[in-house]
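I have placed the structure first, in the form of structure tokens, so that the comments after it can refer back to it.
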2 protein chains.
Amino acid sequence: MERELESLFAQKKLRLTTPRREVFLAMQSSKAPLSISELIKKCPISERTSVYRTIDLFVRENIVKIVPIGWKQKYELTDLFKKHHHHLSCTKCGNLIDIHSKNIETVVSDVARENGFSETDHTFEIRGLCRDCK
Amino acid sequence: MERELESLFAQKKLRLTTPRREVFLAMQSSKAPLSISELIKKCPISERTSVYRTIDLFVRENIVKIVPIGWKQKYELTDLFKKHHHHLSCTKCGNLIDIHSKNIETVVSDVARENGFSETDHTFEIRGLCRDCK
DNA sequence: CATCTTATTGCAACAAATTTGCAATAAGAT
DNA sequence: ATCTTATTGCAAATTTGTTGCAATAAGATG
């Protein structure tokens with residue numbers, strides 16, 4: 001998997017540097033999406049500035065995507081690394097549940113088609129109380 | 001409708017001040033959701049600070065809700081003032097299309113129920129190219 | 001393996017966005 | 001018309017994000 005990273009970067013002709021490795025591993029080891037400030041905390045070896053630059057790079061290179069979670073922008077690995085999914089977000093305990101729903105995807109493409117839209121990306125989130133909190 | 005505003009505020013026991021009136025009217029007169037900086041520009045009478053405070057209040061009071069649009073946080077009046085809808089967002093021309101889809105709502109409640117979630121709110125956006133841009 | 005080239009880093013300085021404290025003001029109650 | 005107190009405007013502080021540049025280290029080359 002360290003292996004995997006190397007070939008990924010080689011393929012994209014990007015240098016595999018310390019901050020890039022650190023940021024990628026931080027993202028990979030987190031079960032939930034991370035905000036920039038969380039990411040900066042999780043990457044103590046790298047300068048703040050480098051984390052910003054790295055995450056920008058990762059977004060451009062389609063390694064990481066931006067997801068809006070509970071009204072904040074967060075980052076998570078793209079579908080290349082993690083199966084496409086959406087989130088249920090508990091507003092009480094803050095927990096996130098990953099969901100994989102065929103129906104959501106169907107609605108997305110139906111709505112896009114009906115409106116003559118060529119979809120590149122979509123966002124879906126449900127907020128509320130989870131089983132335990134309600 | 002100015003009438004409407006007054007009774008709304010009276011009901012919530014909030015003072016109807018100049019910044020609150022200005023922010024509300026700005027939101028109401030805009031067809032698309034607004035970012036804070038757009039809102040500040042649209043509210044020249046009120047201090048920047050007051051716009052921040054007002055929008056926070058409006059969110060707390062469920063007058064305004066936050067919507068993620070094209071990776072930015074924007075604000076728009078809640079369903080109390082504008083029929084519930086979602087957005088198609090063109091990444092080329094920046095245009096927004098409002099959509100009212102029964103199917104989306106169905107999927108939302110199905111998914112929530114299946115996961116023992118009691119839904120309070122949800123987010124849905126499709127990004128891509130609109131009819132004209134593709 | 002040593003050397004070379006050049007992308008990337010760290011740091012410091014800057015700029016922008018957001019928050020806070022507080023005295024002055026003005027809503028709305030009496 | 002007066003009083004009480006929430007809210008405002010303003011200035012200062014803080015936090016968040018950006019930029020320029022010299023030093024460094026990836027990875028290419030011989």
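As the structure is a computational prediction, the values presented were derived from the model and not from experiment.
- Distance CD1 (Ile45(B)) to P (dT25(C)): 18 Å, rounded to an integer number of Å.
- Here dA15(C) sits opposite dT16(D) as a Watson-Crick or G-U wobble pair (both hydrogen-bonding atom distances under 3.5 Å).
- One can find a donor-acceptor pair under 3.5 Å joining the base of dG17(D) and the side-chain atoms of Arg48(A).
- Note: CZ (Phe58(B)) to C1' (dT7(D)) measures 13 Å, nearest angstrom.
- Listed nucleotides dG20(D), dG28(C), dG9(D) differ in distance to Leu16(B); the shortest reach to its side chain belongs to dG28(C).
- Counting to the nearest Å, the P atom of dT20(C) and the CD atom of Glu47(B) are 17 Å from each other.
- Between Phe9(B) and Ser37(B), the residue anchored nearer the 5' end of DNA chain C, judged by the nucleotide with its closest heavy atom, is Ser37(B).
- Comparing atom distances between the Thr18(A) side chain and each of dC10(D), dG17(D), dA26(D) picks out dA26(D) as nearest.
- Pairing partner, dC22(C): dG9(D), with both Watson-Crick or wobble hydrogen-bond distances short of 3.5 Å.
- Checked against dT9(C), dT8(D), dG10(C), the side chain of Thr54(A) finds its nearest nucleotide in dT9(C).
- Considering only side-chain N and O atoms, Ser50(A) lies nowhere under 4.0 angstrom from the phosphate OP1 or OP2 of dT9(C).
- Phosphate contact (OP1/OP2 of dT9(C), side-chain N/O of Thr17(A), threshold under 4.0 Å): present.
- Separating the CD atom of Glu38(B) from the P atom of dA16(C) is a distance of 18 Å, rounded to the nearest angstrom.
- In this structure, Arg20(B) reaches the dT8(D) phosphate: one of its side-chain N or O atoms is under 4.0 Å from OP1 or OP2.
- Here the shortest heavy-atom pairing between Ile104(B) and Phe124(B) reads CD1-CE2, 3.5 Å.
- Across all strands shown, the partner of dA27(C) is dT4(D), judged by Watson-Crick or G-U wobble contacts whose two distances both fall under 3.5 Å.
- For the pair Lys72(A) NZ and dG17(D) C1', the interatomic distance rounds to 13 Å; values are reported in whole Å.
- Along DNA chain C, the nucleotide nearest Tyr52(B) and the nucleotide nearest Arg15(B) are compared for position; the residue whose nucleotide lies closer to the 5' end is Tyr52(B).
- In this structure, a donor-acceptor pair under 3.5 Å is present between the side chains of Thr123(B) and Arg127(A).
- Judged by atom type and distance alone, Arg53(A) reaches the base of dG10(C) through a side-chain donor-acceptor pair under 3.5 Å.
- The aromatic ring centroids of Phe24(B) and Phe81(B) lie less than 6.0 Å from each other.
- In this structure, the CD1 atom of Ile40(A) is 11 Å from the P atom of dT18(D), given to the nearest Å.
- Atom CG in Leu14(A) sits about 11 Å away from atom C1' in dT8(C), given to the nearest Å.
- Between the side chains of Glu105(A) and His100(A), no donor N or O sits under 3.5 Å from an acceptor N or O.
- Between the CD atom of Gln73(B) and the C1' atom of dG17(D) there is a distance of 16 Å, given to the nearest Å.
- The main-chain N or O of Lys12(B) is never found under 3.5 Å from a side-chain atom of Glu61(B) such that the two would form a donor-acceptor pair.
- Using cut-offs of 30° and 60° on the angle between ring planes, the pair His86(B) and His122(B) is tilted.
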